[in-house]
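For reference, the structure discussed in these notes is given below.
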Amino acid sequence: MANKGMQLLGFILSVLGLIGLIAGTILPQWKMSAYVGDNIITAIAMYQGLWMSCASQSTGQIQCKVYDSILQLDGALQTTRALMIVAILFTVLGLGVASMGMKCTNCGGDDRVKKSRIAMTGGIILIVAALCSIVACGWFTNQIVKDFYNPFTPVNMKYEFGAAIFIAWAGAFLDIMGGGMLAASCPKGKPSPKYPKSSRPPSSSKEYV
């Protein structure tokens, strides 16, 4: 029963992780303008994401522009975008495989050991997806820090962490926790019988003297 509960909890955490990864990938607030200059009061806040850049005015109006060309983007942004897409696809695949091996589903046959191994495979795929998203977020975070402390970067081009990158981090950690629970639910092997089997087969005919 505890094994079944662990599988269900891992699956729910992985679904929440998938939602976090999708939301973090779509949102444009991966990095936001940092007010490090002399003029700390500004009417416009700049945001940049994986797919577009936005400008938020003090009146609440937000204007966004999708990136015109992929070739104009830097390598960190292109790598982060690719890794996040791979992470989302692997998470969907891992959830599909894990759902066939969970004890609360009827897919995958009646063999409990086989179903548990299928669930373990889905958990491993989810862990790989989480690692892809962790590498993507770490790469993008490192690029923000490098540009911020670079003395040759103009003051108006310095950025700090946005809300979307934290959502992506949260989705990655939920994904790896759920995948770990699914992967840890696989038994070592088939349970051994409680009583030893008799080596002598039962006699089907009567013995005559």
Side-chain angles (χ1 to χ4, degrees), residues 1-30 49-51 76-143 161-199:
M1 189 68 181
N3 196 1
K4 180 178 178 180
M6 181 182 293
Q7 286 183 346
L8 186 60
L9 179 59
F11 188 84
I12 293 174
L13 290 177
S14 299
V15 171
L16 294 177
L18 175 62
I19 296 174
L21 292 178
I22 294 176
T25 304
I26 294 176
L27 291 175
Q29 291 89 1
W30 275 71
L50 302 181
W51 310 98
L77 184 59
Q78 294 186 28
T79 304
T80 304
R81 180 190 290 186
L83 286 174
M84 290 302 295
I85 294 175
V86 171
I88 292 173
L89 294 178
F90 268 55
T91 303
V92 174
L93 177 62
L95 288 173
V97 174
S99 63
M100 294 189 296
M102 294 177 62
K103 292 184 177 180
C104 56
T105 60
N106 296 325
C107 302
D110 297 331
D111 191 348
R112 294 183 178 181
V113 176
K114 181 180 178 181
K115 284 177 66 68
S116 297
R117 288 175 180 173
I118 294 175
M120 182 191 68
T121 304
I124 294 174
I125 296 175
L126 290 170
I127 293 175
V128 173
L131 292 177
C132 289
S133 56
I134 289 174
V135 171
C137 294
W139 193 311
F140 200 87
T141 301
N142 180 59
Q143 189 66 33
F161 308 131
I165 196 170
F166 294 106
I167 296 176
W169 275 112
F173 283 113
L174 288 174
D175 214 0
I176 200 170
M177 288 176 59
M181 289 182 179
L182 288 168
S185 63
C186 181
K188 296 181 180 180
K190 295 183 178 180
S192 58
K194 296 181 180 179
Y195 302 100
K197 294 182 179 180
S198 177
S199 59

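What you see below is based on every heavy atom in this structure, not just the backbone, and it leaves out hydrogens, waters and symmetry mates. If you're wondering where the values come from, they're calculated on a predicted model, not measured in any experiment.
- The two residues Val135 and Leu83 come nearest to each other via the heavy atoms CG1-CD1, 3.7 Å.
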Sequence neighbours left out, cut at 3.5 Å: what donor-acceptor pairs do the side chains of residues 161-170 make with other protein atoms?
none

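- Crowding of Trp139 atom CH2: a count of heavy atoms from other residues, nucleotides or ligands under 6.0 Å not exceeding 12.
- A distance of 12.0 Å separates CD1 of Ile19 from CD1 of Ile88, quoted to the nearest 0.5 Å.
- Not a single ring-ring contact (aromatic ring centres under 6.0 Å, His included) links Phe11 to another residue, sequence neighbours left out.
- Closest approach of Arg81 and Leu50 over heavy atoms only: NH2-O, 2.6 Å.
- Remark: the backbone N or O of Ala76 is not paired with any side-chain donor or acceptor of Thr79 at under 3.5 angstrom.
- How far CE of Met84 is from CD1 of Ile26: 10.0 Å, rounded to the nearest 0.5 Å.
- A donor-acceptor pair under 3.5 Å is formed between the side chain of Trp51 and the backbone N or O of Thr25.
- Heavy-atom minimum distance, Ser14 versus Gly179: OG-N, 3.7 Å.
- Of the inter-residue distances, the one linking Met181 atom CE with Ile127 atom CD1 reads 11.5 Å to the nearest 0.5 angstrom.
- Here the closest heavy-atom approach between residue Val86 and residue Cys132 is recorded as CG1-SG, 4.1 Å.
- A side-chain contact (heavy atoms from CB on, under 4.5 Å) with Leu18 is found for one member of Val15, Leu16, Ile22 and no other, namely Ile22.
- Looking at every heavy atom in both residues, Ala129 comes nearest to Asp175 through CB-OD2, 4.0 Å.
- The two residues Ala183 and Met120 have their closest heavy-atom pair at O-CG, 3.4 Å.
- The CG atom of Leu131 sits 5.0 Å away from atom CD1 of Ile176, with the distance rounded to the nearest 0.5 Å.
- The closest side-chain heavy-atom distance from Trp30 to Cys137 is below 4.5 Å.
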